[in-house]
Amino acid sequence: MKYNFKAIEGKWQKRWEDGKIFRAVDGSDKPKFYGLVEFPYPSGAGMHVGHIKAYSSIEVVSRKRRMEGYNVLFPIGFDAFGLPTENYAIKTKTHPRIITDRNIEKFSNQLKRVGFSFDWERVVDTTDEDFYKWTQWIFLKMFEKGLVYRDKAWVNYCPSCKVVLSNEDSQGGKCDICHSDVIQKSKDVWYLRITQYADKLLQGLDTVDYPENIKQQQVNWIGKSTGAFVDFAVDGIEDKLEIYTTRPDTLFGVTFMVIAPEHPLIDKYADKIKNMDAIQAYRAECNKKTEFERTQLVKDKTGVKLEGLEGINPVNGKKIPIFIADYVMMGYGTGAIMAVPAHDQRDYDFAKAFGIDIIQVIKGGNIEEEAYTGDGEMINSGFLNGYTNKKDSIARMIGELEKLGIGKGGVQYKMKDWAFNRQRYWGEPIPIVHCPHCGDVAVPYEELPLRLPKIENFEPGQEGESPLAKIDSFVNCKCPKCGRDAKRETDTMPQWAGSSWYYLRYIDPHNETCLADADKMNYWMPVDWYNGGMEHVTRHMIYSRFWHHFLYDLGVVNTPEPYAKRSAQGLILGPDGEKMSKSKGNVIDPLDIVEEYGADTLRTYVLFMGDYGVATPWNDSSTKGCKRFLERVAALTDRLTDEPASPEFESKLHKTIRKVSSDIEDMKFNTAIASLMTLLNDIYAVGSINKENLVIFIKLLCPFAPHLCEEIWETLGGEGFLSLAEWPRYDEAKTVDATKEIGVQVNGKLRSTIVIPTDAGKEQVLAIAKEDAKVKAMMEGKTIVKEIYVPNKIVNIVVK
RNA sequence: GCGGAAGUGGCGGAAUUGGCAGACGCGCAGGCUUCAGGUGCCUGUGGUCGUUAAGAUCGUGUGGGUUCAAGUCCCAUCUUCCGCACCA
């Protein structure tokens, strides 16, 4: 058969779609498999090769599972709210709805042309009001349970996008979307109390099958530390200055304190501070720096001493100076620290710069040179003297502080509450009404969805307020509680909202009475295998795990964790080895590949190109190599024979079944395909193949190159769809060969190879080895010191 | 700085976890087919020495070590990539 992919691919895509053969069945008796891939943002640019690679893994696993008799849910949808669409809407004066629908259609067609076996009857779109109704519902449930609060806060604000960003969206002081510098601005912010779930999110990691590096990233992100809160009295004022420390054991070594420039104590006691001018000047200086700069300048500590206020070390009553310095952040701990220069490098640098005393309280290191952070015997530390174990001294100190009522043990998280509102049009409206009499009131559940009003102008206001604020008919409403005039919240939710629960909606996408039917969720959840990008391992995954834990506590879902297993694909780099980008002109368009080589070649190549989890450059010649492979497979129909296969070939075939089956489970797609290539070479070497064995071959190849394999199946007179045929099983007995070639070493160096009967005894194998001419020559005139035989692997004869 | 991963031919990468390094693919070279280009098919392809050959010898970032045997384990060291980062 000649390989005419253009004719084949459209034909089978149509048959699959018409036959609805990839439809997931609710409540089937079969075992279930829920495979999930991160749904795409339908950008105008269309699909990227990265999408193909990301989806191909679960695609192959899902296809294999179907053939193994599973009831498979492999859905797709669109994460369609977001800034790029809105910005494009502003630019082209087109409604985001129109743009989104257009892009979704384009994406769908592209995905279909690659032949992915998605269940197209379960497509979800986060911007569909039937979907975001339930996003709003979950928000209101959180509001009801006290997990939502509003606060005035200094927020990360992108002056270009005119939008408030979470810490997660403004990493490194740059806007995640447009990469402009982020500035600090005072705003009304809605927060979700994700910190309340920090411990559950940490503990949940012990119950899921994620790779270690992914777990570690999530652990780091949550950033739990244990330590103590300690109150320091300040000379001359009533208020205490509370600090957080992970090293309360070093309290006797405290020689100064540092507070963040924004610390409220400063303004409150401005009249007591004698050098307010200098303080204000320093603050102004800090304000100019972005958070990025502030966290970059590790060296050259700067700061100003507060003249007129002095702290008192609670354990020894010593008076110590207080500084403001920008290396202390208001956003972590209490915004104030006790400084122990002898045992903390930052404090040490600061003390050296400002000529402050350094008191060593733990023996060890050389504090003339640098801070000593290791363990050792406690000295100069009153009741802690003589302690050598950090753990013990910390426990003793916390006990002492608690007895005195000036401190207590506590934990801190790097993770902050999730800033949840955006001043944008193209997002889920936050279903809250501001009533002058009742305060913030939830929109009643029965009024959901709170629809986005149809408007013409999507530009944000001058001060960055939401475009919705200009729509009087939307803003003005009655308070659901008291019925008097009230105003609607005009901010919308961030892009992460819809993706925090979308995998549940796939289970029951058209349900009008709840987010998904409980029985169906009991059947399908948890997601058995979720693949996506490393860039979503912290934000998206932590947010959605948070929402899922919340829904579990609410009794809506039956599992605490949404994803049983997670994997991540490596990037596809440009042919030049650089990250693909428009500006570098090294972008590969998957549709060009489909046009030129066909979808099966594209699918095969993205999995063959290298280790799935590792970034690999695109190589057009190698793509051709995959095409050549498929052409040679197609030509097998011209090499059919009625002859039974030789035992040697049967053995190779069954080993290949075993290898492909296990490699797919281990995501070693490259070696799975390589073993099929090897088998194909073997078939060509033999010259022919019988029908029975060819069917096994195309079944193994089917998850990778389904169009071609279906076509061959049809040519061979197969009934129905190969995609639904039974996955081949290997016969263990047939994978065992009668003889085996093994290496023979003399003194650890390979000198020859011999053929032995499989599982022959040591004596027999050694006898064969010693008969070998080359081995004989090497042993000539020497005495044997040691003989080693590793069954079916190697012989090593040590001679002197 | 902390945490994680990785360094293997001209290139992408294999190596059943301590047992014949370089599977498979690309590229390259030679040959056949072809008017020719391309495609296809066959053969070869880690380095060095060796007239071909037989063979020898070196070889998995670098330097040591353990072992009959090391890409794989241990110690030291260099490099690259990816997270996190004045987190108290």
Side-chain angles (χ1 to χ4, degrees), chain A residues 171-172 211-221 223-225 227-228 243-247 250 257-258 260 294-301 325-329 331-340 344-347 349-350 412-414 534-535 537-538 570-571 573 577 604-605 608-611 613-626 628-629 631-632 635 655 658-659 662 668 670-681 684 741-754 774 785-799:
Chain A
Q171 292 291 301
E212 239 359 89
N213 60 334
I214 290 180
K215 283 190 185 181
Q216 198 56 49
Q217 269 197 43
Q218 295 201 1
V219 168
N220 289 344
W221 194 267
K224 182 176 183 173
S225 78
I243 60 95
Y244 174 71
T245 179
T246 54
R247 295 295 304 277
T250 60
M257 301 177 80
V258 186
R294 250 176 98 167
T295 55
Q296 276 301 302
L297 298 169
V298 178
K299 289 186 177 161
D300 302 332
K301 294 279 177 293
D326 62 0
Y327 80 92
V328 172
M329 306 287 153
Y332 184 79
T334 60
I337 64 162
M338 63 178 220
V340 187
D344 180 287
Q345 192 57 42
R346 289 159 306 148
D347 297 347
D349 294 342
F350 194 89
Q412 274 296 304
Y413 301 94
K414 288 182 201 170
M534 282 306 290
E535 70 275 22
V537 157
T538 45
L571 285 179
L573 306 172
T604 305
Y605 176 62
F608 179 68
M609 64 196 299
D611 183 328
V614 174
T616 310
W618 182 270
N619 182 320
D620 207 55
S621 298
S622 289
T623 314
K624 280 181 203 158
C626 287
R628 201 170 297 152
F629 165 61
E631 279 166 351
R632 276 156 54 89
K655 281 178 188 161
R658 183 172 63 190
K659 174 119 183 97
S662 65
K668 291 158 80 174
N670 54 339
T671 51
I673 294 165
S675 69
L676 288 167
M677 289 173 169
T678 308
L679 186 64
L680 181 71
N681 290 340
Y684 270 75
E741 193 185 65
I742 64 168
V744 181
Q745 297 180 336
V746 178
N747 286 345
K749 289 202 170 185
L750 184 77
R751 293 299 172 184
S752 186
T753 57
I754 56 170
K774 290 174 201 159
V785 180
K786 202 169 184 181
E787 295 171 329
I788 291 139
Y789 171 55
V790 183
N792 297 326
K793 293 219 164 127
I794 205 155
V795 172
N796 191 8
I797 300 170
V798 185
V799 296

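Per chain, numbering begins at 1; letters A, B, ... match sequence-line order. Note that the structure is predicted; figures quoted are calculated from it, not measured.
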* Among B:A15, B:A88, B:A14, which is the nearest nucleotide to the side chain of A:V328? -> B:A88
* To do: Give A:K668 one of three labels, base, sugar-phosphate or nothing, depending on what nucleic acid heavy atoms sit under 4.0 Å from its own.
  => sugar-phosphate
* **Where the chi angle of B:U66 falls, syn if within 90° of 0 and anti if not** => anti
* Asked: Counting just side-chain N and O atoms, does A:K749 come under 4.0 Å of either OP1 or OP2 of B:A56?
  -> no
* Using atom P of each nucleotide, how far apart are B:U80 and B:G61 to the nearest Å? -> 16 Å
* To do: Give none if B:C49 has no partner; otherwise give the nucleotide forming a Watson-Crick or G-U wobble pair with it, both distances under 3.5 Å.
  => B:G55
* Using purine N1 to pyrimidine N3 plus N6-O4 or O6-N4 for Watson-Crick, or N1-O2 and O6-N3 for G-U wobble, each under 3.5 Å, what pairs with B:U62? -> B:A76
* Answer yes or no: is there a side-chain heavy-atom contact under 4.5 Å between A:M534 and A:I214? => yes
* Structure fact -> Paired to B:G44 by Watson-Crick or G-U wobble criteria (both distances under 3.5 Å) is B:C28
* Separation between the P atoms of B:G50 and B:G63, rounded to whole Å -> 26 Å
* In whole angstrom, give the distance that lies between atom CD of A:Q216 and atom C1' of B:G83. => 10 Å
Taking only nitrogen or oxygen atoms into account, show me every contact under 3.5 Å that the protein makes with nucleotides 19-25 of chain B, one pair per line with its distance.
| residue | atom | partner | partner atom | Å |
| --- | --- | --- | --- | --- |
| B:G19 | N2 | A:Q745 | OE1 | 3.4 |
| B:C20 | N4 | A:E741 | O | 2.7 |
| B:G25 | OP1 | A:N681 | ND2 | 3.3 |

* Cation-pi, A:Y327 ring and A:R346 (6.0 angstrom, 45 degrees) -> no
* **side chain to side chain contact (heavy atoms under 4.5 Å, CB included), paired with A:Y605, selected from A:N619, A:D620, A:I673** => A:N619
* Asked: What's the base orientation of B:G63: syn (chi within 90° of 0) or anti?
  -> anti
* Asked: So how far is it from A:L676 CG to A:N681 CG, rounded to the nearest 0.5 Å?
  -> 11.0 Å
* Work out which heavy atom in A:C626 is nearest to a heavy atom in A:M677; give both atom names and the distance. => SG-CE, 4.5 Å
* B:G4 to B:A56 separation - C1' atoms, rounded to the nearest Å -> 44 Å
* To do: Under a 3.5 Å limit for both distances, which nucleotide forms a Watson-Crick or G-U wobble pair with B:G22, could you say?
  => none
* **Contact summary for A:W221 and A:K414, nearest pair of heavy atoms** => O-CB, 4.1 Å
* To do: Measure from the side-chain heavy atoms of A:K774 and tell me the nearest of B:C86, B:G55, B:G4.
  => B:G55
* Asked: Going through the distances and angles, do A:Q345 and A:D349 end up as a side chain to side chain donor-acceptor pair (under 3.5 Å)?
  -> CA-CA 6 Å; A:Q345 192 57 42; A:D349 294 342; 3.0 Å; yes
* B:U34 pairs with, by Watson-Crick or G-U criteria that keep both distances under 3.5 Å -> none
* Asked: So which one's nearest nucleotide on RNA chain B is more toward 5', A:E631 or A:T538?
  -> A:E631
* **Atom C1', compared across B:U66 and B:G18: separation rounded to whole Å** => 12 Å
* To do: Using a heavy-atom cut-off of under 4.0 Å over every strand shown, decide if A:D611 touches base, sugar-phosphate, or nothing.
  => sugar-phosphate
* To do: Measure the distance from CG on A:D349 to P on B:A88 and round it to the nearest whole Å.
  => 16 Å
* Structure fact -> note: A:D344, atom CG; B:C87, atom P; distance rounded to Å ~ 8 Å
* Could you state the atom-to-atom distance from NZ of A:K215 to C1' of B:G83 in whole Å? => 18 Å
* Structure fact -> Minimal heavy-atom distance between A:N747 and A:N796, with the atoms involved, is N-OD1, 3.6 Å
* To do: Determine the interatomic distance between C1' on B:A14 and the same-named atom on B:A23; round to the nearest Å.
  => 5 Å
* When you compare B:C86 with B:U17, how far apart are their C1' atoms, in angstrom units rounded to a whole number? -> 42 Å
* Has A:Y332 got a side-chain N or O lying under 4.0 Å from the OP1 or OP2 atom of B:A88? -> yes
* Measure the distance from OH on A:Y684 to C1' on B:U43 and round it to the nearest whole Å. => 18 Å
* Whole-Å C1' distance, B:G27 and B:G13 -> 14 Å
* Whole-Å distance separating the CZ atom of A:F629 from the P atom of B:G40 -> 15 Å
* For A:K624, answer base if it contacts any base atom (sugar-phosphate contacts may also be present), sugar-phosphate if it contacts only those atoms, and nothing otherwise; contact means non-hydrogen atoms under 4.0 Å. => nothing
* Asked: Does OP1 or OP2 of B:A56 have a side-chain N or O of A:R751 closer than 4.0 Å?
  -> yes
* **Interatomic distance at P, B:A88 relative to B:U8, whole Å** => 37 Å
* To do: Nearest whole angstrom, please: distance from the C1' of B:C87 to the OH of A:Y413.
  => 14 Å
* Nearest atoms (heavy-atom pairs only) where A:D347 meets A:I337 -> OD1-CD1, 3.7 Å
* Asked: With a 4.0 Å cut-off on heavy atoms, is A:A339 in touch with a base, just the backbone sugar-phosphate, or nothing at all?
  -> nothing
* To do: Figure out the NZ/P separation between A:K414 and B:G83, and round it to whole Å.
  => 16 Å
* Structure fact -> Partner of B:A14 under the Watson-Crick or G-U wobble criteria, both distances under 3.5 Å, comes out as none
* Asked: Where is the tightest heavy-atom contact between A:I742 and A:K793, given as atom of each residue plus distance?
  -> CB-O, 3.5 Å
* Structure fact -> Of A:G223 and A:M609, the one whose closest nucleotide on RNA chain B sits nearer the 5' end is A:M609
* B:G71 pairs with which nucleotide, Watson-Crick or G-U wobble, both distances below 3.5 Å? -> none
* **For B:C2, the Watson-Crick or wobble counterpart (both distances under 3.5 Å)** => B:G83
